[in-house]
Amino acid sequence: MTMVEKLKQTSAILDDRFVTEKKFVSMRGITAAARHQLSDSAWDYLWTGTGDETTLRRNTEKFDELLWEKRIFTGVSNPTTNTQFLDLDLSFPLFTAPFGQEATFHPDGHLAIARAVESMGVHQMVPVAASYTLEEIAQQSPAAVMYQMTLVGDENLALDMAQRAKDAGYRYIIATYSPIRQWRERLIENRFTSRTTRDNVNFGPDASDPAGLQELIDFTEPRWTWQQAESFMKKSPLPVIVKGIESAADAIEAVKAGAVGLYVSNYGGRTIDRTLSTIEILPEVRAAVGADMSIVLDSGIRRGSDIAAAIALGADAVAIGRVTALGLAADGEEGVRSALQILREEFWQTLGHLGCSRVEELGPHVFRKTF
C-alpha cells in the first residue's frame, strides 16, 4: 500500500496534493538533479549568455516585474489549458525549443524529448544542430512537427534541406538568421567542446551538403537579405515561421516575405548582449502584425506563470529551451516529461487565480502593470 493510499484511509476528505510518489515535484528539484549530473563545463554551456549576460538576466527579470491584477469572485470554471497554434492542437500553449548539441545533457537527446513531448500532448521544434538526424527524430514521434534551419549560403541547398524535412513528416520550417559568431565568454574560458560524436549529423555524404554549414562558419559570402528570405519562402515545400524577431520592423518584413508565423526570440540571450527582453518586445510585435498572425515566444520562460504572462501580452504559445534541457539532464525522457507536467500544472493554477477559465481569456487586463 502506498503512502497516499494509507493517508486516504484516515479521513473521508483529505487534501493530499503534496503527498506523491513522483520523483520530481518542482523545477527546483529538477534543476538540482540536473546540476548533479552535469560537469561544470556542461552547466556553463546550458546557462551561458553573451558578453556580460545582461540580456540573459533581463529575459527573466522583466517577467518578474509584471504584477498580476488578481480579482476574486470571478465565477471561474475548472480551467482548460487546451489551445491551438496554427493547425496544431496543444494540451497547453507550449513547444520545446530547437536547441542543439543536446547529447551534452543526455545521450538520448531529442529522441527522448520527442517521446516526452508526445506523451504530454504538445509539440517539438527540432534543430539542424541536433545530435540525431532530422529523420531519426521524426521517426520517434509525430510530435516532431517543426524543423529549424539557418538560412545561409546557396538557396538550393537550403531548399533541399527543407524538402528533406517535408519528406520526413515535418509540417513547418523555422527559419533563423545568423549574422556572425557569438561572444560566449563562459565557453571561451572553458575551451568548451560538446565531447560527443554526434555533432553536425545532418550534414555529410548521406545527409545534406555540408557547404551550407561551412559557409555559416567561414563567412565567405554576404549573409542573406529579406529579398533572399522571401525567395526561399516562396519556393519552400513547407510553410515558414521566422525566428529571431526582436522588433516591429522585422515582424512586418517577415510577414511581407511570406512567413505564416513569427517567433519572437533573442535566443536566450546567446547572440548579442544589451538587447531588450522578448517579453518587452512582444506587445509591439503583436500591435504591428495584428490579431491574426501566429506568434510564439521564447527566452526567459521558467514557470507556468511566465507562459500565462506571454499569452496575455500577445503570444499564442511559448517555447522552452533551458527548461527542457534541465529535464533532459535530470532524468532523460522522464525528466523532460516531469518538467512539462510541472509547467502545465503551474499554468493551470495561474489561469484559475486570474479568473480565467480558458487560455483565450488571458489579456493585458490581468496585469496591474504592463510595458
Side-chain angles (χ1 to χ4, degrees), residues 2 4 17 20-31 33-34 37 78-100 102-127 130-148 165 168-172 174 296 298 301-304 306-308 311 316-351 359:
T2 67
V4 174
R17 64 187 134 164
T20 179
E21 304 295 330
K22 292 179 180 179
K23 183 176 182 179
F24 299 113
V25 296
S26 72
M27 282 308 305
R28 294 186 187 196
I30 289 176
T31 301
Q37 294 290 339
N78 186 353
T80 176
T81 61
N82 295 331
T83 190
Q84 274 194 318
F85 183 86
L86 294 169
D87 60 347
L88 302 171
D89 292 325
L90 300 167
S91 66
F92 68 121
L94 178 140
F95 295 87
T96 55
F99 63 96
E102 79 287 355
T104 301
F105 307 119
H106 189 280
D108 286 351
H110 276 285
L111 303 182
I113 295 171
R115 297 189 296 265
V117 163
E118 181 183 8
S119 72
M120 289 298 299
V122 290
H123 292 287
Q124 179 186 24
M125 299 172 173
V126 175
S131 301
Y132 292 86
T133 67
L134 64 92
E135 290 85 1
E136 288 173 316
I137 298 169
Q139 288 166 7
Q140 285 293 303
S141 165
V145 294
M146 295 185 178
Y147 184 66
Q148 173 269 323
Y170 292 87
R171 293 162 65 176
Y172 295 93
I174 297 175
V296 61
D298 74 10
I301 301 293
R302 300 291 182 267
R303 289 193 173 274
D306 298 334
I307 301 172
I311 303 304
D316 297 293
V318 304
I320 55 167
R322 287 186 173 98
V323 172
T324 305
L326 286 170
L328 190 63
D331 196 20
E333 178 183 343
E334 287 303 315
V336 175
R337 185 178 294 108
S338 294
L340 295 175
Q341 289 170 338
I342 289 164
L343 288 183
R344 186 171 67 181
E345 178 70 14
E346 287 184 342
F347 178 63
W348 176 84
Q349 292 189 10
T350 303
L351 284 179
V359 175

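No experiment lies behind these values; they were computed from the predicted model shown. Computed from heavy atoms alone, side chains included, the values below leave out hydrogens, waters and symmetry copies. Numbering starts at 1 and runs along the sequence shown.
Looking only at side-chain heavy atoms (C-beta outward), Val126 and Tyr132 stay at 4.5 Å or farther from each other. Here the side chains of Gln148 and Met125 are not in contact, with every heavy-atom distance at 4.5 Å or above. Looking at heavy atoms from C-beta onward, Val145 lies out of side-chain contact with Phe85 at the 4.5 angstrom threshold. Side-chain contact between Phe95 and Asp298: absent, with no pair of heavy atoms (C-beta onward) separated by less than 4.5 Å. For the pair Glu333 and Asp108, the minimum side-chain heavy-atom distance is 4.5 Å or more. Looking only at side-chain heavy atoms (C-beta outward), Thr96 and Val122 stay at 4.5 Å or farther from each other. In this structure, Leu90 and Asn82 have side chains that are not in contact, with every pair of non-hydrogen atoms separated by 4.5 Å or more. No side-chain heavy atom of Val318 sits under 4.5 Å from any side-chain heavy atom of Asp306.
Of the possible donor and acceptor atoms, one in the side chain of Tyr170 sits under 3.5 Å from a partner among the backbone N and O of Leu134. Between the side chain of His110 and the backbone N or O of Phe99 there is at least one donor-acceptor pair closer than 3.5 Å. Using modelled atom types, one side-chain atom of Glu102 and one backbone atom of Ser131 make a donor-acceptor pair closer than 3.5 Å.
In this view, Ser141 and Ala114, Glu118, Ala143 satisfy the side chain to side chain contact (heavy atoms under 4.5 Å, CB included) rule, not counting sequence neighbours.
Here the rule is side-chain contact (heavy atoms from CB on, under 4.5 Å) with Leu326, and of Met27, Arg302, Gln37 only Met27 fits it.
Taking all atoms of both residues into account, the shortest heavy-atom contact from Ala130 to Ile137 is CB-CD1, 3.8 Å. Of all the heavy atoms in Phe347 and Pro93, the pair that sits closest is CE2-CD, 3.4 Å. Scanning all heavy atoms of the two residues, the minimum distance from Ala319 to Ala97 falls at CB-CB, 3.9 Å. Residues Ile342 and Val25 come closest through the heavy atom pair CD1-C, 3.7 Å. Nearest heavy-atom pair, Ala33 versus Phe24, reported as atom, atom and distance to 0.1 Å: CB-CE2, 3.6 Å. Annotation for Gly304 and Thr350: closest pair C-OG1, 4.3 Å, computed over non-hydrogen atoms.
Looking only at atom types and distance, the side chain of Gln341 has no donor-acceptor partner in the side chain of Glu345 under 3.5 Å away.
Sorted by first and then second residue, the salt bridge (charged side-chain N to carboxylate O under 4.0 Å, His left out) pairs involving residues 83-100 (not counting sequence neighbours) are Asp87-Arg171. The salt bridge (charged side-chain N to carboxylate O under 4.0 Å, His left out) contacts involving residues 320-331 comprise Lys23-Asp331, where partners must be two or more places apart or lie in separate chains.
Atom CD in Gln140 sits 4.5 Å away from atom CG in Leu111 (nearest 0.5 Å).
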